Amino acid sequence: MRFVFFIVIFSLVACHKDDPPVAPLAAGEYSNGLVVLNEGLFQQNNSSLCFYSFADQQVYTQSFFAENGRGLGDTANDFEKYTLDGIDYIIIAVDISSQIEIVEANTLKSIAQIPLFDGTTPREPRRIVVNGYAAYVCSFDGTVSVIDLTTYEVVKTISVGANPDGMVQVGNELYVSNSGGLNFPVYDSTVSVIDMTTREVVHTIETRINCTEMIVDSQNDIYIFSNGNYSDVDPAILKIDANTKEVSTEFTINTSVIEKVSDWIYYYDSSDESIKRFDMINDTNESTEIIDLSAFNDFSGMQYVAELNTLFCYDANGYVNASAVRAYNLSGEYQYEFTAEMNAKKIICNE
Amino acid sequence: MPQRLRDTNTSSGIYRAYMLCVFVTMWLISLSAFSQTDTTRKINPILIFTEKDSFSRISVVNSPVPHFVLEDETLRQLAVRDVGSAMRFIPGVQLKDYGGIGGIKTVSFRSLGANHTGVMIDGIKIPNVQSGAVNLNPVEVFGISSIAFTSGQVEENNAPATAYLSGNLISVKSLLAQQPEKLNAQIYSCVNSLSVFEEGFLVRVPAGEKLFFGFQGFTRFGEGDYVFQSNNQDGPVELRRENSRLMSFKFQGAAGLRLMNSQTLFRFSFYNNEQELPGAMILYNPYNDQKLWNEDLNVSLTHQHYFQHWKFNMHAFYQSAFLRYYDPDYLNLQGYIDNTYLQQNAGAGLIFSRMIFKEGMMQLGSDFLFSDLKSSGIGVTIRYENNSVIALKHDFGKLKLETNLTSQVVYDVVQNEDSTTVRNFFELSPFASLSWKPFEQSPFRVRSFYKRTFALPTFNDLYYNLIGNTHLKPEKAHLFNAGISYSHRIKKWYSEFSLDGFYNVIQDKIIAIPTKDLFNWSMQNIGEVHAYGYDAGLLINYESKIWKFTVNGSYSYNLSLDKSDSESTTFDKQIPYTPFHNASGGIILVRKDFTVSSNFIYTGFRYSLNENVWSNYLEPFTDWSFSVSKDFKIGKKFVVETTAAALNVLNKNYQVIRSFPMPGRHYQLKLKIVIQ
């Protein structure tokens, strides 16, 4: 009898834990705040957009779903904002769902959904560069798709190297780094250069294994990040000279995350858990600590938003939980933070 | 003979407090009614436990541990085709089901995962050192005589030492292994509107009084494709779950010899399977071209020998399992992944049982096992294992005590290209249970048990390529269970009730976590889970010469909280894939050789990942089925058993595992010709 009594009391007390979660609210208007792209987890179909409003400092989660009634897809990797005929849009690359989503930047309403498949094989789009009326999307199947942003048609597909995972525009040329990342342990080590008028590959540069991000400085030199092979080959940063278009120098900087802040590369030094910076004009590594990140659980990325002169750092909190986004000024002083969703990847500022 | 469980038909857990009051009231009423002497049982001409009883669920009420048995009649009414689907109807069981004709099905119970749940077929435990979980989809219901489930301690005679190790055990007994009285045969066919077909035959031949042999052939094949509802840019859309084709066949045989003091059984089974994998339903990317091949061979010999006060049981087996996985869409340089794995296991063991002090029994047993795995990702991995047990049971009249101590000693050698890794494990697992029947006249019982159990890390956890962690410790769990049970009979009515509360603490839970980034994962012992809850079941039966009527229901409440890291946002939150509320129930009506039955399972909402937030929320669902059976006698020798069923009548494409939708409403027809 006492046992049954205990069970009844226990169930009533435990009530609050088993209440269903609260459904997300749609903000309706996204013109004054930060739109965050959250990658989610592979095969969980849980990529999302969330919105941090400057007005009330609230986070509105699941904004894409709340505005469009459907999920964003699986593993969204990149998004960019562009303006066409006076209207702001956001273009999103959703890797595993193999779709390109176009939404209106201030309402997050869907305008177009462009599938990227080769027959029935998904191309797996990763990174986007917008140039005028065209969007260039590099996909893990070794291609760059050119999308006309007025008709939303794929007008050309250009073959590059294996598993391209970084793109940068310099003048009228598009540089694509071919990582070969799915080919472990034999990575690719080239960069393809595409002329954006003819849309052909005009040059291939030999670099180093597993290259992803590229950063351009004001002198048009390109700094490219090589991830190494996660065991005996360390990461490094290579400089591709603007004139010779070949690799001129290799810098041994053991890092995992880099970000362009005007003419510096801000990078993460994992040995002392801090952000340091590298001067791209003088090619010198300044070893002073700018931001101390030792309080982070899992530092997973950073982004400089020029309009706010703020550096945002992401803490993945175990990679299977919601990320924390923390804002710092360029002197390294903490400003504020908010909780995004799973694996925050990038921020677009709507102001 | 096991007693039957009667459960009231419950709905969802919202009414749990009310429900408990109902149970308590019913218990009090039956207790007071029972204070008169139970003469009804003695004069009631209808036997309570006959072989042809049409109860839909069986809880063994006088067992010291949670113990459920599904006999072949029950399996027929549940309209299930494989052991995994049948397990859903056992209270407290959570089935992980990837759906479709070939989807993997693994069982966990009270938040103890599949690595704590052993599967034993005809007295031989199925090893799976590679992933630690046994897929229950290929174990077909055709040819099965009973499926038993126990938590805490195996409750059957002639179990080997290895069976005493795991926290939970599923024990399957096939018809082939039993001695037939006369020649009998079965021809079986099943057609399912999801394009699933099954054909089988079973022949059992007695040769003289002492010898028998039997053969069973079974094939399952079909496209297995079905439509399901989804959403795309233009709104709701109907998609088709393709790339599901499966073709498998299994051929089994048995030969048995029964002498005055001994029984010997030889069993073999050969299984070949080729299937396409539909994969996770990725939003807007429905294409999948992965394929899987399996080829398994099992050979075993068991022998029991009886003396006046003691007996021994010995067994030996060899098993090989070949697996090949192929993905032609993987975007590496080759353009595909093609991995093969060959696992071989062999073992032999002995267990002695002796009666002591008149009312007690002592058992001592030991098994030796050898496993090796050759694969494209790990090199060659070898494991030597010894599992031993010492067990004591004693009946003190009103009190029954059962205890055992099991040990596991393991020695692993892994050979890669350039290095050799050696790993040892030694673990002890004690078990104790006390059950009490306070009133001699009344069938009211109280039972309790404690077990400290463990699960070794698997080969995948320890040695797989980049993510394996050779320093992993075994997962440990402390299991506590306490429960009451009661049964009551008034004239043609019989009711039975059980309520078990549990508290499980799981430590050093092995979890895959990303380390530096999402590319670098590793297996770690970082989890701690505290699971509390209870399972309640009620069954009511009415039986007359013409009619039989049974109503049963069960309800489970499970609160399993993550206690791994008090700083984390997941601390004190419900762990993934663990619904708070579960219920199941059924109604069966039998008139002579015609049966109508309806069964349902209800799974409450749960989360697909650790954070209890809306984006991880999986909706609750009810899977309700309805079946009709009729037996036709043709002459003296032939019986044609037909069963027609409508499954998932509510037509919802629910997801057990996120991104794996289940088929909607579908129909099934089974035909079995029994010749005897």
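Bear in mind that the values here come from a model prediction, so they are computed numbers and not experimental data. Just so you know, these numbers use all the heavy atoms, side chains as well, and skip hydrogens, waters and symmetry mates. Per chain, numbering begins at 1; letters A, B, ... match sequence-line order.
- Using a distance-only test at 3.5 Å, with no hydrogens or angles considered, no donor-acceptor pair links the side chain of A:S323 to the main chain of A:M342.
- Between A:R123 and A:D141 there is a salt bridge, with a side-chain nitrogen of the basic residue lying less than 4.0 Å from a carboxylate oxygen of the acidic one.
- For B:E611, the parts lying near chain A are the backbone and the side chain together; criterion is any non-hydrogen pair under 4.5 Å.
- Of the atoms belonging to A:Q43, heavy atoms from both backbone and side chain fall under 4.5 Å from chain B.
- The part of A:N163 that comes within reach of chain B is its side chain, from C-beta onward, which places non-hydrogen atoms under 4.5 angstrom from that chain.
- Relative orientation of the B:Y503 and B:H530 rings is perpendicular, given thresholds of 30° and 60° on the angle between their planes.
- One finds the CG atom of A:L72 at 10.0 Å from the CD atom of A:Q99 (value rounded to the nearest 0.5 Å).
- With a 4.5 angstrom heavy-atom cutoff, A:F42 does not touch chain B via any of its atoms.
- If you measure heavy-atom distances from B:L609 to chain A, the contacts under 4.5 Å come from the side chain alone.
- With respect to the salt-bridge test (charged N to carboxylate O, under 4.0 angstrom), the residues A:E104 and A:K109 do not qualify.
- For a residue to count as touching a neighbouring chain, one of its non-hydrogen atoms must lie under 4.5 Å from one of that chain's; by this rule A:A316 does not touch chain B.
- When each of A:T120, A:D74, A:N46 is checked for heavy-atom pairs under 4.5 Å with chain B, A:T120 comes out on top.
- Of all the listed residues (A:S98, A:P24, A:S300, A:P122), the one sharing the greatest number of non-hydrogen pairs under 4.5 Å with chain B is A:P24.
- Among B:N616, B:N288, B:L561, the residue with the largest count of heavy-atom pairs under 4.5 Å with chain A is B:L561.
- Residue contact with chain A, scored on non-hydrogen atoms closer than 4.5 Å, is absent for B:D565.
- At a cut-off of 3.5 Å, with distance as the only test, no side-chain donor of A:S110 or A:N68 sits close to an acceptor on the other residue.
- Here the side chain of B:Y577 pairs a donor or acceptor atom with the backbone of B:R658 at under 3.5 angstrom.
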